[in-house]
Undergrad: 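First, the structure itself, so that you have it in front of you.
The figures that follow rest on heavy atoms only: side chains count, while hydrogens, waters and symmetry mates do not. In the text below, chain A, chain B and the rest are named by the order of the sequence lines, each starting its count at 1.
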Number of protein chains: 2
Amino acid sequence: MPGTSALPTCHEVLAAVLQVREGRLCVLAWQRAIAPDEGRWALPGGRLGDEEDVEESVRRQLAEKVDLRDVAHVEQLGVFSAPHRVPGARVVATAFLGLVPSDADPAVPGDTAWHLVDALPPTAFDHAEIVTDALDRLRAKLSYTNIGFALAPAEFTVSALREIYAGALGHPVSATNLQRVLTRRGQLEPTGAVCPPGPAGGRPAALFRFTRRSLRVTDAFAVLRPPGEGGRAVVP
Amino acid sequence: MPGTSALPTCHEVLAAVLQVREGRLCVLAWQRAIAPDEGRWALPGGRLGDEEDVEESVRRQLAEKVDLRDVAHVEQLGVFSAPHRVPGARVVATAFLGLVPSDADPAVPGDTAWHLVDALPPTAFDHAEIVTDALDRLRAKLSYTNIGFALAPAEFTVSALREIYAGALGHPVSATNLQRVLTRRGQLEPTGAVCPPGPAGGRPAALFRFTRRSLRVTDAFAVLRPPGEGGRAVVP
DNA sequence: TCAAAAGTGTTACATATACACCCATGC
DNA sequence: GCATGGGTGTATATGTAACACTTTTGA
């Protein structure tokens with residue numbers, strides 16, 4: 001049986017934590033102080049513990065870097081398992097996407113910083129690939145789920161939300177259409193409150209919130225939906 | 001640091017291999033002959049080898065159950081890592097979705113059989129959950145990718161394709177609309193040949209093929225696409 | 001000529017984009 | 001009043017579902 005021999009492997013979890021900061025999408029990373037890959041930037045994470053699954057592990061380890069309450073959504077991206085992806089004994093990694101609302105400003109350790117995703121400094125091991133996968137996942141899900149809730153504050157104006165979507169997607173987004181699409185899908189509701197205008201004047205902006213703050217597919221069955229269901233599929 | 005201690009773990013791969021057989025979606029499983037979970041049905045897979053990544057491993061191991069040429073598509077579903085998901089030493093599993101064209105009839109070992117996904121016999125460990133994830137993934141991707149190529153023969157009539165889609169999705173599908181949608185997206189092209197009608201007569205059906213036989217997103221950016229791009233996004 | 005199966009045309013509907021227009025506030 | 005930003009109305013484009021209708025064969 002070629003290839004097998006069942007040397008024990010270690011298992012680690014790694015998270016690409018994304019946040020829109022000042023309209024630009026950023027990822028959290030820390031700078032390695034020791035070899036291998038000394039000086040390069042690595043994603044937060046660490047060894048899987050004996051009595052936790054990978055989801056629990058990544059949440060536990062993120063709590064060491066940022067306040068867990070700041071991480072609004074975590075989801076698995078996939079396994080990175082190239083035999084020599086890190087030097088030394090074999091380590092298989094499960095990669096995660098984590099999202100932080102744009103109004104959170106968690107205290108991070110001194111070796112840790114936010115980096116613009118499109119100006120990433122040299123990264124350790126295969127971590128750049130994980131960031132790419134996280135970006136792809138986020139951008140895809142922005143179009144067919146309510147995942148925006150995890151990037152937005154609890155309450156926000158449509159303008160603020162527009163800026164978040166534009167920053168995350170990397171292209172301009174129309175506030176007009178964003179509001180209409182999200183409202184039609186039942187993702188957005190007005191809080192009733194308004195946000196006073198700035199010094200330059202202008203009509204006060206209404207405040208909105210996401211109706212749900214957990215992941216939900218809002219545009220399932222784009223085609224080939226079951227007959228007779230008319231509108232959108234209902235995904236519980 | 002709670003939870004950690006870094007006992008070495010083993011890593012296995014598991015595959016939910018799906019095929020539409022006689023219009024019904026089936027999954028490949030083998031019956032365990034020994035404890036634990038003796039007599040229950042398990043997904044094909046096995047230990048990760050030292051010099052292969054998980055993708056290579058699952059393809060290698062599937063080759064032991066079915067001819068590799070019969071497996072048209074393999075993709076990662078995710079990690080299953082509950083601490084005691086299998087008895088004894090800890091094993092972390094990477095689960096895969098595998099797809100076999102409906103005209104393939106691979107020789108499978110004596111302990112292995114195809115089962116209707118909606119009448120699955122008792123399964124071993126957490127394998128039922130993997131099958132559920134595989135189903136969800138397949139059904140979602142049928143609506144926004146060309147993944148149907150992996151379930152269909154090299155050439156087929158629209159009627160045959162309709163039956164495959166209906167079997168996989170679990171609900172009726174209109175041949176008329178299926179042809180139009182897939183054609184418009186550039187997934188389908190006529191081969192020029194026709195298939196003679198059966199004994200009951202009828203107009204001979206044209207034969208079609210998928211234009212590409214590797215996974216491709218054909219309906220990206222359902223909403224919130226970049227401004228001015230008009231039609232569909234181009235995904236290389 | 002009729003029944004059966006395949007394929008096309010047409011209409012209705014849903015949803016998204018673009019853009020013009022109206023609203024509410026500070027100065 | 002006027003500039004500034006916020007929000008709505010409306011036309012247009014796209015794409016899918018439903019269904020009637022035509023085409024092509026075997027008996």
Side-chain angles (χ1 to χ4, degrees), chain A residues 142-144 155-163 165-166 169 171-208 218-234, chain B residues 142-144 155-163 165-166 169 171-208 218-234:
Chain A
L142 279 172
S143 87
Y144 68 92
E155 302 194 347
F156 45 83
T157 65
V158 173
S159 292
L161 191 64
R162 187 205 62 75
E163 188 171 345
Y165 271 70
L169 290 169
H171 65 72
V173 171
S174 144
T176 298
N177 295 329
L178 181 65
Q179 178 181 9
R180 245 201 281 267
V181 168
L182 297 188
T183 300
R184 187 196 299 278
R185 291 182 177 179
Q187 288 186 31
L188 236 49
E189 64 186 9
T191 67
V194 293
C195 181
R203 174 171 168 177
L207 285 172
F208 292 82
T218 58
D219 195 34
F221 298 124
V223 294
L224 307 176
R225 43 178 164 273
E229 306 223 343
R232 288 296 164 191
V234 183
Chain B
L142 279 173
S143 86
Y144 68 91
E155 302 194 347
F156 47 82
T157 65
V158 173
S159 294
L161 191 64
R162 187 205 63 76
E163 188 171 347
Y165 271 72
L169 290 169
H171 65 73
V173 171
S174 144
T176 297
N177 295 330
L178 181 66
Q179 178 181 11
R180 245 199 282 264
V181 168
L182 298 187
T183 301
R184 191 196 314 271
R185 292 184 177 176
Q187 288 187 31
L188 238 48
E189 65 187 7
T191 67
V194 294
C195 182
R203 174 171 168 175
L207 286 172
F208 292 82
T218 58
D219 194 33
F221 298 125
V223 293
L224 306 177
R225 44 178 163 273
E229 305 225 340
R232 289 294 166 191
V234 182

Undergrad: Given atom CG of N177(B) and atom P of dA14(C), what is their separation to the nearest angstrom?
TA: 16 Å

Undergrad: Using heavy atoms to find the nearest nucleotide of DNA chain C for Q179(B) and P197(A) separately, return the residue whose nucleotide is more 5′.
TA: Q179(B)

Undergrad: Please tell me which of R184(B) and P204(B) maps to the more 5' nucleotide of DNA chain D, matching each residue to the nucleotide holding its nearest heavy atom.
TA: R184(B)

Undergrad: To the nearest Å, how far apart are E163(B) CD and dA5(C) C1'?
TA: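 So the CD-C1' distance, E163(B) to dA5(C), works out to 14 Å.
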
Undergrad: Counting the atoms with a prime plus P, OP1 and OP2 as sugar-phosphate, which does T176(B) contact under 4.0 Å by heavy atoms, base, sugar-phosphate, or nothing?
TA: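 Touches a base.
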
Undergrad: Would you call F208(B) and L161(B) a side-chain contact if the rule is heavy atoms closer than 4.5 Å?
TA: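 Not in contact.
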
Undergrad: Choose from dA6(C), dG6(D), dC27(C) the nucleotide whose nearest atom is closest to any side-chain atom of P199(A).
TA: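 Output: dC27(C).
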
Undergrad: Is the shortest heavy-atom distance from the side chain of N177(A) to the side chain of Q179(A) under 4.5 Å?
TA: no

Undergrad: On DNA chain C, compare the nucleotides closest to V158(B) and R203(A); which residue's is nearer the 5' end?
TA: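 That would be V158(B).
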
Undergrad: Reckon P196(A) touches a base, only the sugar-phosphate, or nothing at all at heavy-atom distances under 4.0 Å?
TA: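 The residue P196(A) makes no contact with any strand.
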
Undergrad: How close do R185(A) and Y144(A) get, heavy atom to heavy atom, and via which atoms?
TA: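 Residues R185(A) and Y144(A), closest heavy atoms: NH1-CA, 4.2 Å.
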
Undergrad: Kindly indicate whether the side chain of T157(A), heavy atoms from C-beta on, has any atom under 4.5 Å from the side chain of L207(A).
TA: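 Side chain of T157(A) against side chain of L207(A), heavy atoms only: contact under 4.5 Å found.
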
Undergrad: Test of understanding: with side chain to side chain donor-acceptor pair (under 3.5 Å), list the residues that count as partners of E189(B), not counting sequence neighbours.
TA: R209(B)

Undergrad: For Y165(A) and dA16(C), give me the distance from atom OH to atom C1', rounded to whole Å.
TA: 15 Å

Undergrad: Over how many whole Å does the gap from E189(A) atom CD to dG7(D) atom P extend?
TA: 16 Å

Undergrad: Nearest of dG6(D), dG7(C), dG26(D) to any side-chain atom of S159(A)?
TA: dG6(D)

Undergrad: Just checking A175(A): base, sugar-phosphate only, or nothing, at a heavy-atom cut-off of under 4.0 Å?
TA: nothing

Undergrad: Just how far, in rounded Å, is P of dT15(C) from CG of L182(A)?
TA: 14 Å

Undergrad: Rounded off to whole Å, could you give me the CG-to-C1' distance for the L178(B) and dG15(D) pair?
TA: 15 Å

Undergrad: Is there a donor N/O on one and an acceptor N/O on the other, under 3.5 Å, for the side chain of R180(A) and the base of dT10(D)?
TA: yes

Undergrad: Within this structure, what is the CG-to-C1' distance between L188(A) and dG6(D), rounded to whole angstrom?
TA: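 Taking atom C1' of dG6(D) as the reference, CG of L188(A) is at 15 Å.
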
Undergrad: Find the distance R162(A):CZ to dA18(C):C1' and express it as a whole number of Å.
TA: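 Distance, rounded to whole Å: 16 Å.
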
